[in-house]
Amino acid sequence: MAKVTAGRDQLGDFAPKFAELNDDVLFGQVWSRTDKLSVRDRCIVTVTALMAQGLVDSSFKFHLMNAKKNGITKDEMAEILTHAAFYAGWPKAWAAFRLAKEVYTE
């Protein structure tokens, strides 16, 4: 995964510690532990967790694009969201599918 600087770029002046934790710990140390869980699998977990919370905002779209970039196909994403719909909620799945359709048709 490429080095993420979104925390510093968007919140560095306002919340420098949060920005540091976002960029260096979450997207640095945690996402780089590929000996424990592949980036592809982390993408699946992240998309599912965000959908389950109903967080279908720009961060969700970022993680959908990241999933696509890391080899999760349109058919696989459709299956992931369909499966998660029964556990996370049907309306959340509808919202997630709208963004996923947009990402996978770009």
Side-chain angles (χ1 to χ4, degrees):
M1 184 166 191
K3 180 163 176 54
V4 172
T5 61
R8 286 184 176 89
D9 295 346
Q10 296 176 32
L11 295 174
D13 292 341
F14 184 77
K17 187 61 177 180
F18 181 85
E20 174 192 342
L21 293 168
N22 182 80
D23 297 351
D24 299 343
V25 178
L26 173 58
F27 286 103
Q29 295 173 25
V30 175
W31 274 85
S32 68
R33 293 167 44 99
T34 55
D35 60 321
K36 307 290 182 202
L37 191 64
S38 72
V39 171
R40 184 181 192 283
D41 289 347
R42 288 179 192 280
C43 290
I44 293 169
V45 170
T46 303
V47 165
T48 304
L50 292 174
M51 183 193 120
Q53 295 178 66
L55 296 175
V56 287
D57 59 1
S58 61
S59 66
F60 184 71
K61 186 173 182 180
F62 167 83
H63 285 290
L64 285 169
M65 291 186 305
N66 197 40
K68 182 179 177 183
K69 182 183 85 180
N70 283 289
I72 297 171
T73 67
K74 175 183 71 80
D75 290 341
E76 288 172 320
M77 183 56 68
E79 186 63 21
I80 290 162
L81 297 178
T82 299
H83 182 79
F86 287 91
Y87 295 92
W90 211 253
K92 292 175 185 175
W94 267 101
F97 268 116
R98 284 187 189 103
L99 276 178
K101 182 179 176 184
E102 182 181 316
V103 167
Y104 279 87
T105 56
E106 290 176 348

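This one's a predicted model, so the numbers in the text were calculated from it and none came from an experiment.
Taking hydrophobic clusters as Ile, Leu, Val, Met, Phe, Trp and Tyr residues chained together by side-chain heavy-atom distances below 4.5 Å, L99 shares a cluster with M65. Residues V47 and V39 fall into different hydrophobic clusters, defined by Ile, Leu, Val, Met, Phe, Trp and Tyr side chains chained together at heavy-atom separations under 4.5 Å. Linking Ile, Leu, Val, Met, Phe, Trp and Tyr whenever their side-chain heavy atoms come within less than 4.5 Å puts W90 and Y87 in one cluster.
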(Q) Does R8 form a salt bridge (charged side-chain N to carboxylate O under 4.0 Å, His left out) with D24? I'd like the steps, not just the answer. (A) CA-CA 10 Å; R8 286 184 176 89; D24 299 343; 2.6 Å; yes
Q) Under the side-chain contact (heavy atoms from CB on, under 4.5 Å) criterion, do F97 and T82 qualify, and how do the steps go? A) CA-CA 9 Å; F97 268 116; T82 299; 3.4 Å; yes
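Relative ring orientation between H63 and F27 is described as parallel, the plane-to-plane angle staying below 30° on a 0-90° scale split at 30° and 60°.
Atom CG of L64 sits about 9.0 Å away from atom CD1 of I72, to the nearest 0.5 Å. Distance check: W94 CH2 to M51 CE gives 12.5 Å after rounding to the nearest 0.5 Å. We find the NZ-NZ distance between K74 and K101 to be 10.0 Å, quoted to the nearest 0.5 Å. Expressed to the nearest 0.5 Å, how far SG of C43 lies from NZ of K68 amounts to 13.5 Å. The distance from atom CD1 of I80 to atom CD1 of I44, rounded to the nearest 0.5 Å, is 4.0 Å.
For T34, there are no side chain to side chain donor-acceptor pair (under 3.5 Å) partners at least two apart in sequence or on another chain. Partners of R33 under the side chain to side chain contact (heavy atoms under 4.5 Å, CB included) rule, at least two apart in sequence or in another chain, are D35, K36, R42. In terms of the side chain to side chain donor-acceptor pair (under 3.5 Å) criterion, E79 has no residue partners (sequence neighbours excluded). Checked against side chain to side chain contact (heavy atoms under 4.5 Å, CB included), D57 has the following partners two or more places apart in sequence or in another chain: S59, F60. For S32, there are no side chain to side chain donor-acceptor pair (under 3.5 Å) partners at least two apart in sequence or on another chain.
For the pair L26/L21, no side-chain contact is recorded, criterion being any heavy-atom separation below 4.5 Å from C-beta on. In this structure, the side chains of K92 and V56 stay at 4.5 Å or more apart for every pair of heavy atoms. In this structure the side chain of D75 never reaches within 4.5 angstrom of the side chain of Y104, judged on heavy atoms.
Under the 4.0 Å criterion applied to side-chain N and carboxylate O atoms, E102 and K61 are assigned as salt-bridge partners. Taking 4.0 Å as the cut-off between side-chain N and carboxylate O, E76 and R40 count as a salt-bridged pair.
Summarising the hydrophobic clusters (Ile, Leu, Val, Met, Phe, Trp, Tyr; side-chain heavy atoms under 4.5 Å, direct or chained), the residues clustered with L37 are none.
Pairing each heavy atom of A52 with each of A88, the nearest pair is CA-CB, 3.5 Å. Residues L81 and A100 share a closest heavy-atom pair of CD1-CB, 3.7 Å. Taking all atoms of both residues into account, the shortest heavy-atom contact from A84 to T48 is CB-CG2, 3.9 Å.
Under a 3.5 Å cut-off, the side chain of N70 and the backbone N or O of N66 do form a donor-acceptor pair.
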